[in-house]
**Student:** 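There's a structure below that I have some questions on.
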Amino acid sequence: MAADPPPVERLLGDYDGNNAPLHPITINQLERRSFSGRVNEDANKHLQRFLTMSTTLKIDGHTEETKRVRMFPFTLADEAEEWFYSLPEGSITTWEEMEKGFLNEYFPTLVSLRKR
């Protein structure tokens with residue numbers, strides 16, 4: 001019996017289709033706690049809130065990773081939203097890459113050293 005082929009790597013744009021439709025109420029909830037990229041905003045706290053919120057929503061047939069990548073753009077506004085949509089096509093393929101990219105942009109090492 002032949003082994004199943006490995007799963008096809010999906011790009012960020014693949015998650016943005018209608019594969020994981022979000023209810024308008026869900027989108028509204030995500031947008032109410034948006035992150036704009038202002039100096040006084042805490043990127044770590046934003047991610048913590050987002051991850052907590054994302055665990056409460058189930059989308060049949062989709063993994064946690066797919067769901068997170070699909071929902072995350074709705075939590076961004078202003079400069080942060082522009083940053084997200086300026087990412088090169090194919091540069092983000094996993095939630096881990098998105099999380100690291102977001103934190104590198106809005107919570108760089110220098111900021112964390114100043115908060116100690």
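These numbers come from a predicted model, not from an experiment.
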**Student:** What pairs with Asp78 under side chain to side chain donor-acceptor pair (under 3.5 Å), at least two apart in sequence or on another chain?
**Tutor:** Ser36, Arg38

**Student:** Is the distance between the ring centroids of Phe50 and Phe35 less than 6.0 Å?
**Tutor:** no

**Student:** Can you check whether Phe102 reaches Trp83 side chain to side chain, under 4.5 Å on heavy atoms?
**Tutor:** yes

**Student:** Distance check, rounded to the nearest 0.5 Å: Leu51 atom CG versus Thr56 atom OG1?
**Tutor:** 11.5 Å

**Student:** Starting at CD of Glu82, measure out to CG of Leu76 and round the result to the nearest 0.5 Å.
**Tutor:** 11.5 Å

**Student:** If we only count heavy atoms from C-beta on, is the Phe72 to Ser54 side-chain gap below 4.5 Å?
**Tutor:** no

**Student:** Taking the side chain from Glu41 and the backbone from Gly37, do they hold a donor-acceptor pair closer than 3.5 Å?
**Tutor:**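 Between the backbone of Gly37 and the side chain of Glu41 there is a qualifying donor-acceptor contact (under 3.5 Å).
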
**Student:** Please list, chain by chain and in numerical order, all residues satisfying side chain to side chain contact (heavy atoms under 4.5 Å, CB included) with Glu97, sequence neighbours excluded.
**Tutor:**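 Testing Glu97 for side chain to side chain contact (heavy atoms under 4.5 Å, CB included), a comparison that skips the adjacent residues, returns Ile92, Thr93, Thr94.
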
**Student:** Working to the nearest 0.5 Å, report the span between CD of Glu99 and CG of Asn104.
**Tutor:**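 It is 10.5 Å, given to the nearest 0.5 Å.
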
**Student:** When rounded to the nearest 0.5 angstrom, what is the spacing between CD in Glu81 and CZ in Phe74?
**Tutor:** 9.5 Å

**Student:** If you apply the rule side chain to side chain contact (heavy atoms under 4.5 Å, CB included), what do you find for Tyr106 with Glu79, and how did you get there?
**Tutor:** CA-CA 10 Å; Tyr106 293 105; Glu79 179 188 314; 3.6 Å; yes

**Student:** From Thr55 OG1 over to Glu64 CD, what is the distance, rounded to the nearest 0.5 angstrom?
**Tutor:**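 Reported value, rounded in 0.5 Å steps: 7.0 Å.
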
**Student:** Indicate yes or no: at least one non-hydrogen side-chain atom of Met53 is less than 4.5 angstrom from one of Arg49.
**Tutor:** no

